[in-house]
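Everything numeric in this text was worked out from a predicted model, so none of it was measured. Below, chain A is the first sequence line, B the second, and so on; all start at residue 1.
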Amino acid sequence: MQIIKDRQIVEDNWLHLDDEAELVVGDVTVSITRWQAEHETLVKHNGGLGLRLSGSDPLEEIIPDLASFSLIVLIFPVFVDGRCYSFARLLRDRYGYEGEIRAQGDILYDQLFYMTQCGINSFEMANIGNITEVMSAFDDFSESYQATVLKPEPLYRRR
Amino acid sequence: MYQYDQYDQTMIDQRVTQYRDQTRRFLAGELTADQFRPLRLMNGLYIQIHAPMLRVAIPYGLMSSKQVRKIADISRRYDKGYVHFTTRQNFQLNWPALETVPDILAELASVQMHAIQSSGNCIRNTTSDQLAGVNASEIEDPRPWCEIIRQWSTFHPEFAYLPRKFKIAVIGNHDDRAATKLHDIGLHLVKNHEGEIGFEVLVGGGLGRTPIIGQQIRPFLEKKDLLSYLEAILRVYNRLGRRDNKYKARIKITVREHGIDHIRELVEAEWVQIREQLKLDEKEIDRVKQCFTEPDYDLAAVSDKSFDQMQVEDATFSRWVKQNTVDHKITGYKVAYISLKSPQSPPGDVSAEQLDIIADLADEFSLGEVRSTHDQNLVLTDVKQGDLYALWLHLEADNLATANINTLTDMICCPGLDFCSLANATSIPLAKEINERFDDLDYLYDLGDIKIKMSGCMNGCAHQSVGHIGILGVDKKGEEWYQFTLGGSSEADASLGLRLGRAIPKDQVVNTVATLLDVFKECRQDDEAFLATVRRVGIDPFKERVYADN
């Protein structure tokens with residue numbers, strides 16, 4: 001499927017494996033439950049490994065394992081659930097995660113700017129829709145007051 | 001007051017462009033009503049019974065005369081020529097057309113105003129004391145801190161989709177005129193044993209269906225740590241707050257369910273991690289404080305004796321001075337309240353014509369600024385005593401001099417069933433009835449300070465649970481009934497009112513108020529205030545009489 005990654009539309013081949021689904025060769029993501037249960041097998045997996053997190057998952061438990069994942073998928077079941085904005089910031093700011101952080105689920109164009117500021121760099125939406133509009137949403141604002149992943153100094157230090 | 005630089009202005013202008021596009025997409029059918037809802041809410045736009053309602057932020061209640069004129073102009077051109085001031089120092093337009101809202105926002109942006117953070121599950125407009133900077137007992141002026149919080153909280157990317165709305169209030173002295181104990185976060189500027197000024201931080205206060213008084217999470221926070229500590233609280237709440245039930249999603253419930261000690265541990269652990277990163281520089285604190293420096297007061301103002309003379313000559317003026325003005329930190333100046341509680345209009349409402357007059361009066365008599373209050377009135381904070389008579393004559397001529405501040409008829413009242421889609425019962429017509437019944441000012445003055453707060457539903461926008469007399473409209477099989485509470489307070493001695501008994505039918509509400517006042521007068525010792533009497537004698541004497549009558 002097509003996703004937006006680093007402000008480009010790209011073809012994406014990651015497979016999001018259910019907890020019961022058979023492990024296959026190639027790039028796959030798993031839930032935190034599966035990661036914790038099958039940790040030993042998964043580290044030997046032939047292909048890229050990604051982790052799916054939702055806002056109720058215990059983020060801190062997987063921090064020691066971050067190096068195992070080249071992708072972290074943050075799940076937004078409904079667009080009003082803002083927990084994963086904090087996850088993204090913590091992953092980038094506190095835990096120094098440099099791999100891909102992807103938002104998946106119910107995402108509005110108007111959230112792309114905030115999500116990007118929090119450190120999310122790819123977006124997997126059911127329907128990308130109007131490409132010109134979606135791309136322009138990244139530039140809704142040219143400045144922000146806060147220290148963010150993109151501009152680590154708050155505006156008051158840059159004024 | 002704070003003046004936007006190019007950064008502030010650019011962000012506000014870009015927000016207008018963004019919202020214009022969102023509105024266009026909604027009207028073109030590209031966004032569903034559900035998708036558009038949070039977007040319009042984040043721009044202050046609700047859909048009410050008759051029409052949309054646009055709530056505009058007035059950061060910590062401070063307006064320039066130019067802004068007041070713009071508000072008047074907008075209400076004339078885009079609405080019905082009046083606006084409504086709210087308990088959070090904001091104002092509302094009750095009849096704007098949805099498709100004109102982007103134009104209204106553009107007009108507001110032209111005078112450094114916006115409707116951001118006036119609704120939605122984000123950090124709302126920060127409120128404060130209307131006497132900030134002008135009252136003698138102040139430890140420090142809270143306004144620069146409110147502005148620093150305004151900037152930090154505006155478009156905070158991590159906290160735009162919180163479990164529920166989040167309100168912060170800041171005060172700089174012990175008298176609490178901003179209901180800080182009933183906010184998600186209350187900040188009090190305090191002095192510690194070493195004489196340093198910092199913040200006492202309260203968390204978990206709130207009204208609505210489950211009123212709770214905020215608890216102290218930190219007795220003293222250094223000023224430079226303000227933003228890191230706020231960010232730590234917000235991050236803990238964003239992760240932990242309940243998202244399964246909107247009635248249990250406010251931080252007051254998070255604190256109640258987990259306990260203040262556990263919340264404190266989580267916040268402090270988070271804070272340690274981000275404290276250095278978000279430390280406020282002296283340079284920034286100074287930059288903002290420069291916008292709130294003390295004006296050049298005329299120290300000779302005190303020598304004007306016409307003020308004393310006019311009070312002797314004109315009893316109506318004298319009454320207004322006594323009731324509607326308070327002392328200023330500079331002798332010779334006074335703070336003048338403009339009552340928006342005249343019997344002729346709903347509490348908090350003011351017409352475009354009146355706003356224009358108020359703007360002119362601010363320019364002529366009060367350094368060009370007007371403030372809105374938590375009690376839904378307006379204030380001119382810097383009036384020379386010698387100008388008060390001239391000011392009063394103007395106010396009197398335009399129905400803005402009702403001398404009822406802090407009296408029974410200075411009610412806080414929500415729009416109720418007349419406007420609001422959530423309401424179960426009306427409140428404005430009852431406020432009018434109360435106003436008409438108790439129109440004898442001498443009787444009101446004799447009763448002293450009484451705060452009636454009346455909400456049309458349990459969401460409690462008018463804060464009935466902290467009214468000295470709280471009146472809550474409830475629906476009983478399609479009829480409007482009213483539940484009374486007594487003994488609440490939103491001030492430094494904050495308390496929740498106790499329920500008087502079963503609900504009272506609409507036609508008995510005003511009589512019930514009268515009965516409560518009769519009992520008060522019988523139980524009162526000397527000049528005791530209503531609240532003090534209720535606290536001393538309890539609610540039983542009131543209860544017995546009210547239900548004996550009913």
Practice task
Can you check whether anything in residues 28-55 of chain A gets within less than 4.5 Å of chain B, heavy-atom wise, and list it by number?
Solution key: none

Handout entry: Segment of B:R164 engaging chain A (4.5 angstrom heavy-atom cut-off)
Key = neither

Practice task
Check each atom of B:T10 against the heavy atoms of chain A and say whether the ones under 4.5 Å are side chain, backbone, both or neither.
Solution key: side chain

Problem - Proximity breakdown for B:R15 and chain A, heavy-atom pairs closer than 4.5 Å - result: both

Practice task
Could you tell me which portion of A:F79 (side chain, backbone, both or neither) has an atom closer than 4.5 angstrom to a non-hydrogen atom of chain B?
Solution key: both

Exercise for the section: Sort B:T17 into side chain, backbone, both or neither according to what part of it lies under 4.5 angstrom from a heavy atom of chain A. Expected result: neither

Practice task
Please say whether more than 12 non-hydrogen atoms of neighbouring residues, nucleotides or ligands are located less than 6.0 Å from NZ in B:K223.
Solution key: yes

Practice task
Considering only heavy atoms, give the residues of residues 57-72 of chain A separated from chain B by less than 4.5 Å, sorted numerically, with 'none' for an empty result.
Solution key: A:L59, A:E60

Completion exercise
So, the part of A:E153 with a heavy atom under 4.5 Å from chain B: the answer is neither

Problem - Presence of salt bridge, B:D8 and A:R159, under 4.0 angstrom - result: yes

Exercise for the section: Heavy-atom pairs under 4.5 Å with chain A are the metric here; pick the option from B:Q18, B:Q6, B:R243 that has the most. Expected result: B:R243

Exercise for the section: Report, by ascending residue number, the residues of residues 128-146 of chain A in heavy-atom contact with chain B at a distance under 4.5 Å; give 'none' if the set is empty. Expected result: A:E133, A:D140, A:F141, A:S142, A:E143, A:S144, A:Y145, A:Q146

Practice task
Write out, in numerical order, the residues from residues 93-110 of chain A with a heavy atom short of 4.5 Å from a heavy atom in chain B.
Solution key: A:D93, A:R94, A:L108, A:Y109, A:D110

